[in-house]
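Accompanying notes for the structure given below.
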Amino acid sequence: MYIYDSVQKTKREFIPQESGKVSLYVCGPTVYDDAHLGHAKSALVFDLLSRVLKANGYEVVYARNITDIDDKIIKKAQESGKEIKEITDFYTNAFHEEMGKLGVIRPTIEPKATESLEAMFALIQKLLDNKHAYKTSQGDIYFDTSSDSQYLKLSHRIQDENEKKQRVESSLEKKNSADFALWKSVKDGSISFESSFGKGRPGWHLECSAMIEKHLAKPNQKFAVDIHGGGADLLFPHHENEAAQTRCATNHALAAYWMHNGFVNIEGEKMSKSIGNSFFLKDALKIYDGEVLRFYLLSTHYRSNFNFNEEDLLSSKKRLDKIYRLKKRLFGLSFENVKTSFQNALLETLSDDLNISASLALIDEMISHANETLDTAGKHKELKHDTLSNLAYIEEILGFGVKNPYKYFQFGVDEETKRKIDMLIKQRDEAKKAKDFASSDALRNDILAYGVNLMDTPQGTFWEKI
RNA sequence: GGUGCCAUCGCCAAGUGGUAAGGCCGCAGCCUGCAAAGCUGCUAUCCCCAGUUCAAAUCUGGGUGGCACCUCCA
């Protein structure tokens, strides 16, 4: 398996620290608002990674955190008069429900910040003890970036001297402009936690380092985790700071491989909370089947920026439709699961830094070949076993084609409309039997008015929502 | 301003030194009562200029045009 390491900026062969086992940590959501398409992209990319690692025979421990301590959550609580937990539980549940619709498998562990406070305190104490952190007169604790010779090596940055001065002047208690808070002291009555450093709240960057130490790091290993992932925007400052904390507080580096997924733009514009053009996943799921979104969001290489627009989504949906049509052709047949060269080839392309485009090309070719053979030699038994095994493999490794193929094509059609369509199809069948093609074509047009396509097959007439 | 990424057919998009995958759209044909679906066939020399090389979309230099990060953000 090969992975592009965004810190070394090169594709590297993946070799885990412990043979056969992989630890993967991905920065998860801060649960103060609905998930948008960017959260979906990140979750999907690392879901795919975890599946591909498993398909390669690795035992994967995948941790994705839930940030449930954050100033924005507190602000929302104060504005709405709700309890913190009420808000974080609500958005955590919504996140899980929506990701479930995308076919994202739950990670092995989903640690919460509120459950990891002791681990954070321990890290802060270590950093204070070994002089990598300092306390201000206000009771805040900062990481001293000048104490870490490796700082900025991760994100390949150069400290701007002018900027450095300006920032330090504006915040006199910070030793260096880049110093970041490990602990924010809370003086007023707002939400805070008790610690040996007084009342306060932990800094955001600390959370991931602490959770990794608590759940994934093993003694005497060079790296706390094998792979650390997240959105491209997290490389700096978030990951830089995480890495600094971990290497200064412990005897290991944070991650052996770093993976960053590209951004999702909407109609060419950056999706941003400040611009207010976020496309929420819950809204997208009202319009499109979750699996259509999964397929579309995964259809481009994970490192590229992704421009979300309806036209591309629909053309990508047609590709997924082909998987389902083939599935429909072989629906209900039992089969022996066999290993095919297609499956080996698919795993190989996916194992090359998740080369999804090459993988989809293989799938399209497999489908064409299967359809062609079914057209000409419909009772080819071996082909059916192979094809059904291939489809099952695609389901397992990519999560495409997991639904009932008939239900898939009925997305967004209510029960009453379905009954009407079925009734019209019956009438049309009768007209067809009577060779009354004028009536049958008229009925087909009536059905088309529901946005539904008909297809006559030897097994009967089926319909698909367009 | 600093740092970095990218530029391949109408659209989406692989390929990163050996002579351009795949999908969508379009056209022609097979199949069909007609369709739909499916199948077959057809459609690019890779932003521009210069260089390295037997050989470049792929490497180097310059240019042009996009984009990202540098502030919370997946």
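Naming convention: chains lettered A, B, ... in sequence-line order (proteins, then strands); numbering from 1 in each chain. If you're wondering where the values come from, they're calculated on a predicted model, not measured in any experiment.
Comparing B:C12 with B:A44, their C1' atoms sit 15 Å apart, to the nearest whole Å. When the C1' atom is compared between B:A68 and B:A74, the two are found 14 Å apart, to the nearest whole Å. For the C1' atoms, the distance from B:C5 to B:U16 is 15 Å, rounded to whole Å. Comparing the same atom, C1', in B:G29 and in B:U64 gives a spacing of 45 Å after rounding to whole Å.
Nearer the 5' end of RNA chain B, as judged by each residue's closest nucleotide, is the contact made by A:Met455, out of A:His205 and A:Met455.
Salt bridge annotation for A:Arg428-A:Asp446: absent, with no cationic side-chain nitrogen under 4.0 angstrom from a carboxylate oxygen. Comment: A:Lys318 does not engage A:Asp321 in a salt bridge, judged by the lack of any side-chain N to carboxylate O separation of less than 4.0 angstrom. Using a 4.0 Å cut-off between charged side-chain N and carboxylate O, A:Lys174 and A:Asp179 make no salt bridge.
B:A57 makes up no base pair with any nucleotide shown, lacking Watson-Crick or G-U wobble contacts both under 3.5 Å.
When the nucleotides B:C24, B:A74, B:A21 are ranked by their closest atom to the side chain of A:Ala361, B:A21 comes out on top.
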Audit row: A:Arg201, A:Asp71, salt bridge (charged side-chain N to carboxylate O under 4.0 Å, His left out) steps and yes/no: CA-CA 9 Å; A:Arg201 295 196 290 267; A:Asp71 288 354; 3.0 Å; yes
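Within 4.0 Å of A:Ser42, counting heavy atoms only, lie sugar-phosphate atoms of the nucleic acid but no base atom.
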